[in-house]
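Step one of this worksheet: look at the structure below.
By convention in this document, chain letters (A, B, ...) are assigned in the order of the sequence lines, proteins followed by strands, and residues within each chain are numbered from 1. Quick caveat, the model's predicted, so the values are computed rather than measured.
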Amino acid sequence: MSTPILDVRNLCKYFKTKRGLLQAVDHVSFTVEHGHTLGIVGESGCGKSTVGRTILRLIEPTSGQVLFEGEDIAKLSRSQLRKRRKDFQIIFQDPFASLDPRKTVSQIISEPLLTNHIVKNRAECEKRVLELMDRMGLAQRWFNTYPHQLDGGRRQRIGIARALAVNPKLVVCDEPVSALDVSIQAQILNLLKDLQEQMGLTCIFITHDLSVVHHFSDEIAVMYLGHIVEKAPSEELFANPLHPYTRALLSAIPIPDLSAKKERIILRGEVTSPIDLPNECRFKKRCYECVEACSASEPELSEVLPGHFVACYRCGGMADAGVRDSQARMA
Amino acid sequence: MSDVKKNILEIKDLVVHYDTEGGVVRAANGINIKIGQKESLGLVGETGAGKTTTALSILRIIPDPPGKIISGSIMVDGVDLMSFTEEEMEGIRGKEVSMIFQDPMTALNPVFTVGEQIAESIQIHEQVSAHEAMERAKEMLEIVGIHRERASDYPHQLSGGMKQRVVIAIALACHTKLLIADEPTTALDVTIQAQVLELIKEYRETYQTSMLMITHDLGIVAEICDCVAVMYAGNIVEYGTLDDVFNHTLHPYTEGLFSSLPNINQRTARLTPIPGAMPDPTELPEGCAFAPRCAYATEECRKLEQSDQTVSETHMVRCSRYREPEFKIKRGNMP
């Protein structure tokens with residue numbers, strides 16, 4: 001058994017707001033093995049991006065541990081963190097807003113190389129930038145252009161080049177293809193997959209698009225209101241979703257296949273406010289099969305099948321019947 | 001549909017250009033669309049394909065300048081809108097044809113309550129008192145699943161999903177014959193998207209409204225449309241019933257769209273994207289606009305302007321290679 005490259009334990013991020021305590025991320029724990037991809041899915045406001053950013057300490061965590069290769073990132077001093085940063089990078093969602101409009105492509109890609117003293121002189125820097133551009137499928141003629149002259153797909157390639165320039169070990173991809181058209185999206189997904197294989201990258205893939213996450217991830221965590229409600233290997237989660245929220249989420253994906261059977265679960269209402277949450281199941285208000293226990297306290301994430309974790313009273317040991325029910329329904 | 005088929009919308013040879021500093025953007029280059037009563041057509045394509053331009057042309061709300069409808073006819077329920085004056089058009093918008101806009105955050109006016117905004121469209125088109133209009137507005141809110149008390153709320157007090165429901169309520173308030181929905185769920189989460197699609201579906205069943213649905217999501221098309229038109233660089237490249245386009249795909253671009261999508265049932269290692277990007281609409285290439293990205297393109301494709309090829313009564317493809325007896329694309333031709 002190898003130790004996981006990333007071990008997140010009881011990570012919390014609370015924001016104090018005028019209306020009360022906003023629990024953006026609440027006791028989230030997971031591990032990611034070296035070279036693997038963990039997908040985090042959920043709807044807007046579920047805390048998935050906050051998890052990604054808190055791990056990298058772009059946002060300071062309220063409490064919890066982020067063990068990266070055994071070292072707690074959450075406890076590093078600023079100067080220590082600065083040195084460590086090159087090991088974990090992020091690819092942002094919006095290729096239109098995440099690139100400095102006043103810098104050329106080469107300046108954007110060379111910045112991390114220079115800041116981290118990876119290259120010794122300008123000639124070496126230029127060589128490295130061209131090499132990276134080549135790998136990203138960016139033609140050399142874009143070397144001195146500005147981001148606004150390029151389309152979304154090319155811009156996202158620059159964002160990826162910038163993140164990978166420092167040879168990171170862990171990359172957080174925060175909705176990297178959401179702003180792109182499908183034909184371009186497929187190009188970028190293939191590129192990311194190739195790079196991951198070539199460089200042995202570990203990825204955390206944050207998205208709201210379930211078909212993309214299924215394609216890309218080894219393991220998937222489903223988040224709802226700051227909690228992980230279900231976590232399982234990709235195949236298992238799609239074949240055998242247990243949490244009522246996951247099941248509704250999967251059934252809501254429109255499938256571009258006329259022969260696909262559709263049994264849609266339409267959820268009531270919308271995501272409730274994450275401010276001052278009562279001690280009960282967070283999904284209760286929208287759940288279509290909640291029981292009395294759901295109002296009494298919050299269900300904890302527990303392993304119901306090997307590698308398959310669910311936070312739901314109906315799916316845990318106390319309600320095996322519920323699991324069988326849902327399995328029967330899936331079959 | 002055994003009764004006499006009447007076309008609610010018929011667009012013929014629509015050409016729209018935008019005259020910009022960077023050159024003439026040829027956004028629509030001869031669009032032909034027909035939507036029968038109760039029918040819904042999905043208009044699919046990527047950013048810049050000309051989908052929204054086509055929709056805006058129907059209501060004649062293309063920003064002018066720089067946009068101009070160069071030629072073509074747009075018939076709604078047998079009446080040619082191109083001959084209408086601006087005042088006459090006002091009687092069409094919201095009454096005969098209405099539109100659901102993509103972004104509910106910007107489509108609503110922040111300084112009026114949502115009730116007032118729904119009531120406004122009713123009052124413009126029907127002889128009713130302000131009180132009656134507000135009553136109807138509250139009913140519309142209930143139809144779209146919002147409590148009637150929320151009529152006095154301002155848009156910022158509602159969530160994204162609820163705002164989109166309000167936008168839909170405005171579009172549906174006068175029970176139009178044709179509903180144009182421009183990416184109505186793109187800004188929404190999947191579970192909310194499912195709710196909104198269900199709502200549109202139910203409404204159309206009740207009121208038998210025809211619909212033009214603009215989307216980039218083939219999954220949504222499969223779910224709520226009867227026919228599909230696939231657009232690329234200002235042209236419809238394939239047009240047909242769902243079965244025609246999904247199960248008997250003929251155009252290489254349509255094939256490319258399908259194979260770019262991650263398949264949810266089959267977790268294959270690699271996707272097959274379409275190489276390159278859509279051409280700049282100010283400098284469309286000679287010949288077929290898709291040829292530079294097309295795996296099947298020949299020398300001829302790069303030179304010859306394409307024309308619409310009729311496959312069957314319902315199915316059209318804009319690809320000259322279709323006529324070659326030996327020619328087959330990888331997908332499609334399924335039994």
Exercise for the section: Give the member of His208(A), Arg154(A), Arg264(A) that has the highest number of heavy-atom pairs under 4.5 Å with chain B. Expected result: Arg264(A)

Practice task
Could you check which of Leu180(A), Ile188(A), Leu250(A), Asp194(A) has the highest count of heavy-atom pairs closer than 4.5 Å to chain B?
Solution key: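 Highest number of heavy-atom pairs under 4.5 Å: Asp194(A).
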
Practice task
Report yes if the side chains of Glu46(B) and Gln185(A) come closer than 4.5 Å at any heavy-atom pair, otherwise no.
Solution key: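 No, side chains not in contact.
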
Practice task
Flag the pair Gln187(A) / Ser260(B) as yes when at least one side-chain heavy-atom distance between them is below 4.5 Å, and no otherwise.
Solution key: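 No; the side chains remain at least 4.5 Å from each other.
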
Exercise for the section: For chain A, find which of Thr191(B), Leu242(B), Ile274(B) contributes the most heavy-atom pairs closer than 4.5 angstrom. Expected result: Thr191(B)

Exercise for the section: Under 4.5 Å, counting heavy-atom pairs only, tell me which of Ile224(B), Leu197(B), Leu257(B), Leu218(B) racks up the most with chain A. Expected result: Leu218(B)

Within the side chain of [X], is there an N or O that forms a donor-acceptor pair under 3.5 Å with the backbone of [Y]?
{"X": "Gln195(B)", "Y": "Leu267(A)", "value": "yes"}
{"X": "Asp189(B)", "Y": "Glu43(A)", "value": "no"}
{"X": "Asn190(A)", "Y": "Leu271(B)", "value": "yes"}

Calculate, to the nearest 0.5 Å, the distance between atoms [atom1] and [atom2] belonging to [X] and [Y] respectively.
{"X": "Tyr232(B)", "Y": "Ser183(A)", "atom1": "OH", "atom2": "OG", "value": "7.5 Å"}
{"X": "Leu188(B)", "Y": "Ser44(A)", "atom1": "CG", "atom2": "OG", "value": "8.5 Å"}
{"X": "Thr47(B)", "Y": "Ile184(A)", "atom1": "OG1", "atom2": "CD1", "value": "9.0 Å"}
{"X": "Met278(B)", "Y": "Asp181(A)", "atom1": "CE", "atom2": "CG", "value": "6.5 Å"}
{"X": "Ile255(A)", "Y": "Leu261(B)", "atom1": "CD1", "atom2": "CG", "value": "11.5 Å"}
{"X": "Ile220(B)", "Y": "Ile253(A)", "atom1": "CD1", "atom2": "CD1", "value": "12.0 Å"}

Handout entry: Region of Val221(B) in contact with chain A, defined by heavy-atom distances below 4.5 Å
Key = neither

Handout entry: Region of Met162(B) that comes under 4.5 Å of a non-hydrogen atom in chain A
Key =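 The answer is both parts of Met162(B).
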
Practice task
Compare every heavy atom of Leu189(A) with every heavy atom of Pro262(B), then report the nearest pair and how far apart it is.
Solution key: CG-CD1, 4.5 Å

Handout entry: Residue pair Ala222(B) / Asp257(A): nearest heavy atoms and the distance that separates them
Key =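 Result for this residue pair: CB-N, 4.3 Å.
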
Exercise for the section: Name the region of Ile266(A), side chain, backbone, both or neither, that has any atom closer than 4.5 Å to a heavy atom of chain B. Expected result: side chain

Problem - Region of Arg268(A) that comes under 4.5 Å of a non-hydrogen atom in chain B - result: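 Backbone only.
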
Problem - Other residues, nucleotides, ligands: >12 heavy atoms within 6.0 Å of Gln198(A) CD - result: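 Result for CD/Gln198(A): enclosed.
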
